[in-house]
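Contents: one structure, followed by commentary.
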Amino acid sequence: MSVRERALEAAGRVRDPEMPMLTLADLGVLRGVDVERDADGGEAVVASITPTYTGCPALATMRDDLVHRLNDAGFARVRVRVVLDPPWSSDWISEHGRAALRAAGLSPPGPVRRPTGPLGLTLGPTRRAPACPRCGSAATRPISEFGATACKALYRCTGCLEPFEHVKEI
């Protein structure tokens, strides 16, 4: 196994600090791992990540966790590069990640709507129709636009009456 493959395997096991049922790879935040030459000729592992949104408060923790995991895997020189273009999309969450969200009681995001043409200004809450991750009912209603984190909204199922968080489409 190459140095890059070993580093990618180690980085791929780092968990998201806000949704620990997901790895950064499952979430689509881990964009890649490369091995680059430093100015002194030594090799450094460079992990590239894209935060879920620009002000993501977990970014520093993600960076630290990647460095620690790669150091623990035997890589002495590690850098984390933040890549903002293209911006992260919830469409990047893997199928494994979506299944892990459902298993943890969170509703995974649906596909991101990509409108064409001019966009109208809307000041009301975003209309979503998430299914209940517990019973599968589509009869749900919003409670709050924000859950435990800004990237989740709080809903209640009118079928089983359980509250649940929905990961927003971004």
Side-chain angles (χ1 to χ4, degrees), residues 4-5 7-34 36 45-67 69-70 78-134 136 138 140-155 157 163-170:
R4 183 190 166 283
E5 290 169 330
L8 182 58
E9 184 178 294
R13 292 191 305 266
V14 174
R15 300 252 165 223
D16 179 70
E18 294 179 336
M19 293 185 282
M21 74 289 297
L22 300 178
T23 65
L24 296 182
D26 285 333
L27 188 55
V29 167
L30 180 64
R31 299 295 302 281
V33 175
D34 293 303
E36 298 178 358
V45 170
V46 180
S48 298
I49 60 174
T50 298
T52 55
Y53 64 99
T54 306
C56 179
L59 185 60
T61 302
M62 289 180 205
R63 183 180 300 141
D64 291 347
D65 290 350
L66 277 164
V67 170
R69 176 63 61 105
L70 288 162
V78 176
R79 292 193 308 270
V80 177
R81 179 179 296 138
V82 177
V83 179
L84 300 177
D85 187 29
W88 180 84
S89 168
S90 54
D91 287 342
W92 295 358
I93 300 174
S94 70
E95 285 306 314
H96 180 265
R98 291 170 189 281
L101 288 168
R102 277 189 291 277
L106 280 79
S107 169
V112 175
R113 294 184 190 105
R114 306 235 185 261
T116 58
L119 297 176
L121 176 64
T122 57
L123 299 177
T126 302
R127 301 272 186 232
R128 298 181 193 90
C132 175
R134 291 178 177 82
T140 61
R141 64 177 175 78
I143 296 172
S144 173
E145 263 309 292
F146 298 99
T149 62
C151 59
K152 294 183 273 186
L154 189 59
Y155 281 76
C157 176
F164 65 92
E165 287 186 308
H166 172 71
V167 178
K168 295 176 184 176
E169 294 79 9
I170 299 173

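- Separation of atoms CG (Leu24) and CG (Leu30) is listed at 6.5 Å; rounding is to 0.5 Å.
- By the 4.5 Å heavy-atom criterion applied to side chains, Val78 and Leu66 are not counted as neighbours.
- A side-chain donor-acceptor contact under 3.5 Å links Arg134 to the backbone of Pro163.
- Listed by chain and number, the residues in a side-chain contact (heavy atoms from CB on, under 4.5 Å) with Asp65 are Val14, Thr61 (sequence neighbours excluded).
- Within the 3.5 Å criterion, the main-chain N or O of Val45 finds no donor-acceptor partner in the side chain of Arg4.
- In this structure, Glu165 CD and Leu101 CG are separated by 10.5 Å, a value rounded to the nearest 0.5 Å.
- By the side-chain contact (heavy atoms from CB on, under 4.5 Å) test, Pro142 pairs with Tyr155, sequence neighbours left out.
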Next item on the list: Starting from the C-alpha separation in whole Å, work towards a yes-or-no answer on side-chain contact (heavy atoms from CB on, under 4.5 Å) for Thr140 and His166.
Entry: CA-CA 11 Å; Thr140 61; His166 172 71; over 6 Å; no
Next item on the list: Start with the C-alpha distance between Lys152 and Glu18, add both sets of side-chain angles, then the distance that settles salt bridge (Lys or Arg N to Asp or Glu O under 4.0 Å), and finish with yes or no.
Entry: CA-CA 11 Å; Lys152 294 183 273 186; Glu18 294 179 336; over 6 Å; no
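- A pairwise comparison of heavy atoms in Thr50 and Arg31 identifies OG1-NH1, 2.9 Å as the closest pair.
- In this structure, CZ on Arg13 lies 10.5 Å from CG on Leu8, to the nearest 0.5 angstrom.
- Put simply, the side chain of Asp16 never gets that close to the backbone of Leu22: no donor and acceptor are under 3.5 Å apart.
- Counting all heavy atoms, side chain and backbone alike, Ile170 lies closest to Cys151 at CD1-CB, 4.5 Å.
- Between Val33 and Ala11, the closest heavy-atom pair is CG2-CB, 3.8 Å.
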Note to self: The test is side-chain contact (heavy atoms from CB on, under 4.5 Å); show your working for Met19 and Thr149 and say whether it passes.
What the structure shows: CA-CA 10 Å; Met19 293 185 282; Thr149 62; 5.9 Å; no
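- No donor-acceptor pair under 3.5 Å is formed between the side chain of Arg102 and the backbone N or O of Pro108.
- Counting only heavy atoms from C-beta outward, the side chains of Ser90 and Val112 approach each other to under 4.5 Å.
- Between the side chain of Ser107 and the main chain of Cys132, no donor-acceptor pair closer than 3.5 Å is present.
- Counting only heavy atoms from C-beta outward, the side chains of Arg128 and Lys168 approach each other to under 4.5 Å.
- Expressed to the nearest 0.5 Å, how far CG of Leu27 lies from CE of Met62 amounts to 6.5 Å.
- Between Leu70 atom CG and Glu9 atom CD the span is 11.5 Å, to the nearest 0.5 Å.
- Summarising the geometry of Pro51 relative to Leu59, their closest heavy-atom pair is CB-CD1, 4.0 Å, with the distance given to 0.1 Å.
- When every heavy atom of Phe164 is checked against every heavy atom of Cys157, the shortest pair comes out as CE2-N, 3.9 Å.
- The closest side-chain heavy-atom distance from Cys56 to Trp88 is not below 4.5 Å.
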